[in-house]
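Keep in mind it's a predicted model, so treat the numbers as computed, not measured. In this chain, numbering begins with 1 at the start of the sequence shown. Heavy-atom basis, side chains included; hydrogens, waters and symmetry copies ignored.
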Amino acid sequence: MPHSATRRPSPPTRTALTARRRLVAGCVVAAATLGLAACGTASGALQPTAGVSTQPPITLAPTDSRPTDGPVATVAPAPGSGSSSDSAAASAAPPAVPKPHPPTAPAETTAAPHGGTPATPVTTTPVATTPATGTPAPPPAPVKPGTVIGSTASGGHTVALTFDDGPGPATGQILDLLAQYHAKATFCEIGQNAAANPALVKRVLAAGHRLCDHSVHHPQPFAKLPHDKAAYEISAAKDMIVKAGGPGTRVSWFRAPGGGFNADNEQITASLGMSSLGWSVDPRDWSRPGVPAIVSTVQKQLKPGGVILMHDGGGDRTQTVAALKQLLPWLVAQGYTFDWPAG
């Protein structure tokens, strides 16, 4: 019997090779798309093994020019592209990294307590501040009681003449004397007297003199009055004087009867836009001590910038008128000029 040679497997036919290559190529494409290293052996594709060289992958260009954010598929070279091996392996390229987008500024949010979800974005409104300090502007200061005035507005060698308790029977005579010496004075009027003699109030203003509030009824001791009573005496008297004087009448001071000032009535006075008016010279002419006594007291007590207290109402003021006839020329001779009280 003749010796038989070992039979070698017959080479695959051309048709089988073509089908096999197409299967391998399709498997590689599917594997790259699904992110697999290779197809399973059940599909008939060969898995890459160590030491097996492969051709560089070919990147398929997208069908249009728009960018894509997905992975780019790669395939092994097609048959006849230069590979002589029937078992050419395919490898999948790593997914392409998308181009970074410009960072977007986060919306302002309020911090959530204890690390919770941030609250809805809010819009803040700046607080009005002062330009110099950057802090909120302080509220206006409250009105404070003023100091009781006992001097002239200008100071120096001046004197302020003041007359209380009018208008009364002596007011006209005093106005005539003041006009003769070109002197100016302040008239502190009782509210009810002003209401009863509006013509005299207007004459005082027409002559260029000024007005002062001296309460409605002249109650004493004024500093002992309860708040409501003091407020009425001050505010109602001012209203009466303004009404008697007519439109535009100004009342710049309040003089408490008997000088009875305290913190409460000073505050009331200030709240009504007036200053508290005292004096520095008091000849007590209201007590009718005699003309020489009135004149002598004024001459002894007066200092430059002083305020003289005398009366044009509240009783018989003939001694005051007579004393004034001596004092006015004396003041002029001493070089005094006539001024308003301070305040």
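Val159 is connected to Leu178 through a chain of hydrophobic side-chain contacts under 4.5 Å among Ile, Leu, Val, Met, Phe, Trp and Tyr, so both are in one cluster. Grouping the Ile, Leu, Val, Met, Phe, Trp and Tyr side chains by contacts below 4.5 angstrom, directly or via other members, places Val321 with Val204. Connection of Val242 to Phe254 is established within a shared hydrophobic cluster, with ILVMFWY side chains joined at heavy-atom distances below 4.5 Å, either directly or through further cluster members.
Here the CD1 atom belonging to Ile234 is positioned 11.5 Å from the NZ atom belonging to Lys229, to the nearest 0.5 angstrom. How far CE of Met310 is from CG of Leu327: 5.5 Å, rounded to the nearest 0.5 Å. Here Trp330 contributes atom CH2 and Gln299 contributes atom CD; the two are 5.0 Å apart, rounded to the nearest 0.5 Å. Here the CZ-CD1 distance, from Arg250 to Ile241, works out to 14.0 Å after rounding to the nearest 0.5 Å. Remark: Cys188 SG to His214 NE2 distance equals 6.5 Å, nearest 0.5 Å. Note that NZ of Lys238 and CE of Met274 are 5.0 Å apart. Values are rounded to the nearest 0.5 Å.
Between His311 and Phe163, the distance separating the two ring centers is not shorter than 6.0 angstrom.
Applying the 6.0 Å contact sphere to NZ of Lys184 captures more than 12 heavy atoms from other residues, nucleotides or ligands. Surrounding CH2 of Trp340 are more than 12 heavy atoms belonging to other residues, nucleotides or ligands, all under 6.0 Å away.
Residue Phe222 comes nearest to Ala256 through the heavy atom pair CD2-CB, 4.0 Å, listed as atom of the first residue, atom of the second, then distance.
Annotation: side chain of Ile294 is not in contact with side chain of Leu324 (no heavy-atom distance under 4.5 Å).
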